[in-house]
Structures are given as C-alpha cells and as structure tokens.
Amino acid sequence: MLSLLLLAYSICTPALLARGQLAAAEAYTPTRVACPPDTSLIRLAGTGTSQSLNPSESAYVSSRQSLVLPAAWQSYLDNVQQQVEAKNVSALPDYVSDILSGANGSSAYPTFGIATSGGGYRAAIVGAGALNALDGRNASSVEAGTGGLLQAATYLAGLSGGNWLVTSLVQADFPTLPELVFQPNDASGWGGWNTEFSLESPTNDTVESLAYDFDLVTEIEAKFLAGYPVSIVDLWSRILARHFANGTNADNFFDSSLTHGAGITLSSLVNISSFASYSQPFPIVVADSRSWNANFSNLYPNSDDNVPLTNPIYEFSVYEMGSFDPSLAAFTPTEYLGTESGSDICTVGFDQLSFIAGTSSNVFNSLNYTSIVNGTGLLTSLLELLTYLSNDTATLDSAVTARYPNPFYGLNEGTYLDWNSTELSLVDGGDDGEGIPFMPLLVKAREVDVIWATDGAGNATNWADGYVVSATQARTELLSSTYDFPPVPADPATWHDQGLTTHPTFFGCNSSSPVPLLIYLANGAPPLGQAPVTNISTLALEFAADDVEAALSQMFDITTQGIATETDGIWEKDPEWPACLACAVVDRSRAKAGIERSGVCGTCMQRYCWS
Ligand SMILES: *[C@@H]1O[C@H](CO)[C@@H](O)[C@H](O)[C@H]1NC(C)=O
Ligand SMILES: *[C@@H]1O[C@H](CO)[C@@H](O)[C@H](O)[C@H]1NC(C)=O
Ligand SMILES: *[C@@H]1O[C@H](CO)[C@@H](O)[C@H](O)[C@H]1NC(C)=O
Ligand SMILES: *[C@@H]1O[C@H](CO)[C@@H](O)[C@H](O)[C@H]1NC(C)=O
Ligand SMILES: *[C@@H]1O[C@H](CO)[C@@H](O)[C@H](O)[C@H]1NC(C)=O
Ligand SMILES: *[C@@H]1O[C@H](CO)[C@@H](O)[C@H](O)[C@H]1NC(C)=O
Ligand SMILES: *[C@@H]1O[C@H](CO)[C@@H](O)[C@H](O)[C@H]1NC(C)=O
Ligand SMILES: *[C@@H]1O[C@H](CO)[C@@H](O)[C@H](O)[C@H]1NC(C)=O
Ligand SMILES: *[C@@H]1O[C@H](CO)[C@@H](O)[C@H](O)[C@H]1NC(C)=O
Ligand SMILES: *[C@@H]1O[C@H](CO)[C@@H](O)[C@H](O)[C@H]1NC(C)=O
Ligand SMILES: *[C@@H]1O[C@H](CO)[C@@H](O)[C@H](O)[C@H]1NC(C)=O
Ligand SMILES: *[C@@H]1O[C@H](CO)[C@@H](O)[C@H](O)[C@H]1NC(C)=O
C-alpha cells in the first residue's frame, strides 16, 4: 500500500513542478555545461616525495601564512603572556616568543591544524565549544590565555557532526561560535543552527509535517529526473541545509517558497569574503567509501561492518575532492563533481554544500536497514518514494550511500578499490572507526607540525574514550609508507586508566617531524566538579537553546582547565595550562631550531605528554 506521503506526492508534484514554484528544487539540481577547454578533471597528486597539493590550496595557504598568520600568532602570544603575568606563573622561555613573534623569521612559525570529531549534534556542539575557547574574538577566551589559536590555524578539518560545524562556519563567513549557533532571524543570510527543530520531525503538526516531508522529496526529485543518482542522503542533505546552511531561521523554517540553502555549493565558497581574504583556516571535510570489493580483513573492531580501514578516505575542499591514499592519489575539481568519467559534457552544481555535509555525516549505511525498510517513520516513506521514483528495487542497496558518479573510473586498475565502479558509494567519515578527521592533516605535503584534536565522539555512555584515535593509529600502520602518526594507546583501558580523556594530553612529544605533535582534548568527563551536561546522546536530534548554551559553556571550562586540581573541595584550573599549550604549539619549531626545551616548557611537557 502506498504511504500517505507517496500518494500526495504522486498526485501533486507534477502540478507544482509545472507552476515552477520550487526554487529549492531548481537550485539543488545540477546542470550540464561544456567542459572547460584545457582543463583536466583528474589531478594526479603523486606519492612519497613527489606528492603535491592542489596549486590553489598552496596559494591560499601561502597567502594566509604571509598576510594573516604573523599578526595572528603575535596576538595569540600576547594573550598567553598576559595570562602568564596575570597568574604570576613562571615566564615562558624566550624561544616561544622568538618563534611566535616572527623574530626568527617566517620559516620558524608552526603549521597548525585543527581536527574536530564526529558524534552527531554532540560533536558539533562540543567542537564549537572548544573552538570558541580558542577564538581570539571572545574576551573570556583571551583572558583565559587560549584565545587566538583558532585564528592561527592553517587548516580546519571536520567529519560527520564536526563537518556540520566546519561547513556551516565557512559558509556563514566565519562568525563567532555563539553567532554561528544562535544567530537569530537573519532572513537573507545565516540563521543559526536552529537546534530547536528536530532533524527527524521538526513539527508535531500533521499537516505541516506532511508538507515538510513533501518539500524534501520534491527538492531532490529534479536531480533524479535530470539523470543523476539520488539516495536517502540527498534527503538528509536537504534536512541538514535547514540547519547548517544560510537561508533558514525559526520564522521561515517551513516556508516552501525559499531555497533553504540549496544552490550554495562548496566550490562557490571561494567567494565568501573571509575566505577571499585568507582569514579562515583552510577547511577540509572527510568521507569514507563503501565497496563490496574491499579487504574485509582490515575492519577496525566496533566500526561499521562495511568500511575497512584500508578503504580509500576521500577529502573535500573548495577546490578539489579525492584521496591522498596511495591506492588513488588523485583528485577532481569540486566544481565539476557529478561529471561522468570520460564525458565531454561537464556537470556543475552537484557539489551542493548540504550534500557534502550529508555525505560526511551519512549514518544511514550503519543504521538497521531492516527497521527502515519495514518501519513506519519518515525514512520508511522516503525510501518507498525513492524506490517509486527510480522504479527499481535494486536501488535499496545504494539508497543508503551518498552516490557520486566516479570521476576516477578506470584509474589505477587493480589497486584502487573502485577502479571499475562507475559510482562511488560514500558514507560517514567516521564509519571506519576513525571518528576524528586526522588523515588530511597527516598528508606530508601539508607539513603540519601540530594538531589540535577535539574528541566529541562517544562510547556507550556518550563520553569520548580515545578509541577513535587508536583507529587512526591502526590505519596509519596499514599505510605506513604514506602516513605517520604519533604513538597513542591501542586499547580503551589505557586511555581510561591513565585519565587521558579527562584532561588535555599531548602525544608524540618524543617523536620528530614529520610526525606531528598531537594536542588531544576529549569530552571525556565534566570539568571542575560540575554536573555533566556535555555527555549528550548521539541520538539527540533537537535541543533547547539553553541546553546548547550550557554545553558550550561547560566545554569552555573543559578546554581551559588543563589538569585541574582539588584542594579541600575547591577546584582550580591549572594556571600554567595556557603556557603549556603554547609550549606544545611551538615544540616542533623548537626542535627544528635545535633548541632544548627549557623553563616552564620542560615541566609542562612532562606533565601533559603521554609517554
Ligand atoms: C609572583 O611569584 C613570585 C615567585 O613565585 C613571588 O615571589 C611573587 O611575590 C609573586 N607576585 C605576586 C604579585 O603574586
Ligand atoms: C632565533 O634566533 C637566534 C639568533 O639567531 C638564535 O640564537 C635562536 O636559536 C633562534 N631561535 C629559534 C627558535 O629559531
Ligand atoms: C551567509 O550569510 C552571511 C551573513 O549572515 C554572509 O556573510 C555569507 O556570505 C552568506 N553565505 C552564503 C554562502 O551566501
Ligand atoms: C512534539 O511532541 C513531543 C512529545 O510530546 C514533544 O517532546 C516535542 O517538544 C514536540 N515538538 C514540537 C516541535 O512541538
Ligand atoms: C566568484 O566571483 C567571481 C567574481 O564575481 C565570479 O566570476 C566567479 O564565478 C565566482 N566563483 C564562484 C565559484 O562562484
Ligand atoms: C587484506 O589485508 C590483509 C591484512 O592487511 C593482508 O594480509 C591481505 O594480503 C589483504 N588481502 C588482499 C587480497 O589484498
Ligand atoms: C520486510 O518485511 C517483509 C515481510 O515481513 C520481509 O519479507 C522482508 O524481507 C523485510 N525486508 C527487510 C529488508 O528486512
Ligand atoms: C533490526 O530491526 C529489526 C526490526 O525492527 C529487528 O528485528 C532486528 O533485531 C534489528 N537488528 C539489529 C542488528 O539490531
Ligand atoms: C518500471 O519498471 C517496469 C518493470 O521493469 C516497467 O515495465 C515499467 O515500464 C517501468 N516504468 C517506468 C516509468 O519506467
Ligand atoms: C572489479 O575489480 C575487482 C578487482 O579489482 C574484481 O574483483 C571485481 O570483480 C570487479 N568488478 C566488476 C563488476 O567487474
Ligand atoms: C566510556 O568512557 C568513559 C570515559 O572514559 C568511561 O568512564 C566509561 O567507562 C566508558 N564506558 C564504556 C561503556 O566504555
Ligand atoms: C565567550 O565564550 C563564553 C563561554 O562560552 C560565552 O559565555 C560568551 O558569550 C562568549 N562571548 C562572546 C562575545 O561570544
């Protein structure tokens, strides 16, 4: 029997389409254009010493490093030093200021990357709270001595829930984090995350709900009719767009006449003013791939059964999409995603920001598929509708992956997993067990010295337990000719027993470049004797603004406390934590200059390093 949605849909859509009222559907539909002359749709990125970055990325990074970062590092250094003086703790050794003030030349600056984890809305909120504590625009963060580090980052990588944070931040023109989350009612532009509207069912009004579901399906239908593969991830994308892309606020949430973020493409973000002025860290989003040809002996325990660690991991930037993994080592321009391999007709508009955000957070591959197919909820009727639209029950399998015409078809026969597949089946960036997007920051051509990782992933109790970091270690061991990672514990017991998730921990202190130093901050326990609010369920899909505010505020304390101490029931943040953080940030630059650790940096590195 047809669901009510399907029935309404089959009757009404032709009329709606004919009246041309569906601005969002039109904006979401890719279009075919003549391919640009003399442009290759494949960039071979090379491996080993011949590995290369996209020239546009290199140009962005080098402009940011020369035009923006010197002032950003100076400003961060000033903030740390003010806090050191205010707390009357031991002064930083001279090498810290030599490096961060530029006194020792531009080559002494560290290359700093931030990775923000998956874990649903919890990860987005926890990640935002950590970035806020590192944001030089927030007076409390400046006073805490951690503010300014966000501005000094060269890269910002996100996956799944963390990718919602990263993509929304870029496209909203890099507002402060509270503005990003709460910005009310900017009708033409950014409208906040709209957390009070559930991702699953944003209204209890049956009529409004039906109309909403109907809009979602209608919005992706034109893409399907234009000959592009669609799946449940397209619907997910249209839901996410109402939260993490411009154009939707509490007043217009259900307004069917608006585009709700459709038409905003990843490649178009080069024109966002803070990007054009190199004022943002270079954003990167990560997705995994599913393939039935995979080597299933490389599954990480507790990961999605379909995604072994050796499957290619794809990264998306405003410029290109592809993988530095040695089996592929190739990229295609983001702007022309959706183009069939070998075609001389190119596609534009496939790289909808919301679709990429949906790809990186595609949890459907790991949901209980039986319960969706034979369920009663929205997903069931949407799936039914998709099946109806595509007139093909065989699509039930592909219906749960993000479907991309494979730009790399035919490449690296036999070694690249999807060399003979005309479509890529992309899934959540954390599905292989790696809940933190480390891989892009381990690409040697990027020369990242130090990584800040916020871990908002959750175990059964919704606290981070470090396991997702161990997964990256396992992957880099399998791909050791291409990636290096600092040593971390392999088992959850060590993370737990040594308290590595309840305060910031540095990894790789005794390694040297090109192994980056890792500054790891987990959402592993509440801070300072506070009652916990950040152990939000991964399944929570809506939040009152007050609850988000409380979580951001608690995350501020988690990020600024260091190794807190208790005396007679009075909790105190580590007054040296900001100095210790600065010591870690410059540590690879220090080593390259052949200087020994000294002063407070010596004791700090002993206190915060895992050995
Ligand atoms: C700062 O610390 C030093 C040494 O620990 C101490 O001698 C001095 O009195 C302190 N100054 C203030 C203002 O607390
Ligand atoms: C900075 O330059 C001074 C003078 O050349 C040198 O002694 C010192 O080792 C350098 N420090 C760093 C961190 O490069
Ligand atoms: C989103 O809105 C903000 C203003 O709220 C604006 O600065 C930014 O450019 C807009 N982004 C896009 C992609 O339209
Ligand atoms: C819908 O109903 C549920 C259960 O009564 C309630 O928790 C939720 O807040 C309601 N949602 C809206 C948007 O009114
Ligand atoms: C960026 O803006 C320029 C100038 O307006 C325009 O020519 C170009 O097409 C835009 N690029 C994208 C990707 O939207
Ligand atoms: C699959 O991976 C395992 C473990 O890494 C390896 O020993 C084996 O050779 C691989 N199998 C194939 C067919 O590549
Ligand atoms: C759904 O239920 C039907 C009837 O019980 C069953 O035949 C079918 O296999 C189920 N579908 C899935 C995907 O489990
Ligand atoms: C999936 O859902 C079905 C139907 O709700 C249930 O019978 C089955 O046990 C579930 N499977 C798993 C692995 O949870
Ligand atoms: C749907 O598939 C059936 C069976 O394969 C076929 O007879 C029918 O023509 C198809 N309908 C459309 C609209 O493609
Ligand atoms: C694709 O290639 C793999 C080997 O790389 C092979 O196992 C598989 O059967 C091929 N699939 C198809 C559809 O040809
Ligand atoms: C989850 O992690 C927390 C924090 O490390 C730990 O206390 C708890 O025992 C873990 N729970 C499970 C079920 O692994
Ligand atoms: C700075 O961060 C704190 C802690 O989350 C927050 O309460 C405050 O509103 C923020 N200030 C601004 C101006 O964003």
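We number each residue from 1, following the sequence as shown. Whatever order the structure lists them in is the order used to number ligands and atoms, beginning at 1.
Atom 9 (O) of ligand 2 has its closest protein heavy atom at Ile595 CD1, 3.5 Å. The nearest protein atom to atom 10 (C) of ligand 12, hydrogens excluded, is given as Asn138 ND2, 2.5 Å; this is a heavy-atom distance. Protein heavy atom in closest approach to atom 3 (C) of ligand 5: Asn271 ND2, 3.5 Å. The protein atom (non-hydrogen) at minimum distance from atom 5 (O) of ligand 12 is Asn132 ND2, 3.2 Å.
Looking only at distances, no side-chain donor or acceptor of Arg597 sits under 3.5 Å from a matching main-chain atom of Arg590. At distances below 3.5 Å, at least one donor-acceptor pair connects side-chain atoms of Ser117 with backbone N or O atoms of Gly456.
Atom numbering of ligand 12 starts at 1 in the shown order; those under 4.0 Å from a heavy atom of Pro178 are 14 (O). Near Ala593, the atoms of ligand 2 lying under 4.0 angstrom from a non-hydrogen atom of the residue are 12 (C), 13 (C), 14 (O). The ligand atoms of ligand 5 that sit less than 4.0 angstrom from a heavy atom of Ser267 are 13 (C).
The side-chain hydrogen bond (donor to acceptor under 3.5 Å, both in side chains) test with Tyr608 is passed by exactly one of Thr505, Thr603, Asp574: Asp574. Here the rule is side-chain contact (heavy atoms from CB on, under 4.5 Å) with Val126, and of Asn523, Ile536, Leu165, Asp455 only Asn523 fits it.
Under a 4.0 Å N-O distance rule, the pair Asp234/Arg403 does not qualify as a salt bridge.
In this model, Cys580 has its SG atom no nearer than 2.5 Å to the SG atom of Cys601.
The N/O atoms of Ser553, backbone and side chain alike, include none that comes under 3.5 Å of an N/O atom in ligand 12. Residue-to-ligand polar distances keep Glu549 apart from ligand 12: every N/O pair is separated by 3.5 Å or more.
Nearest to atom 11 (N) of ligand 2 by heavy atom, out of Ile99, Asp98, Asn104, is Asn104.
Contact annotation: for Ala108 versus ligand 2, there are no heavy atoms closer than 4.0 Å.
No side-chain donor from either of Thr265 and Gln352 sits under 3.5 Å from a side-chain acceptor of the other. At a cut-off of 3.5 Å, with distance as the only test, no side-chain donor of Asn194 or Thr248 sits close to an acceptor on the other residue.
Under the 4.0 Å distance rule, the nearest protein heavy atom to atom 7 (O) of ligand 5 falls outside the cut-off. Distances from atom 14 (O) of ligand 5 to the protein include at least one heavy-atom value under 4.0 Å.
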Evaluate side chain to side chain contact (heavy atoms under 4.5 Å, CB included) for Tyr314 paired with Thr359, printing each intermediate quantity in order. CA-CA 11 Å; Tyr314 292 90; Thr359 300; over 6 Å; no

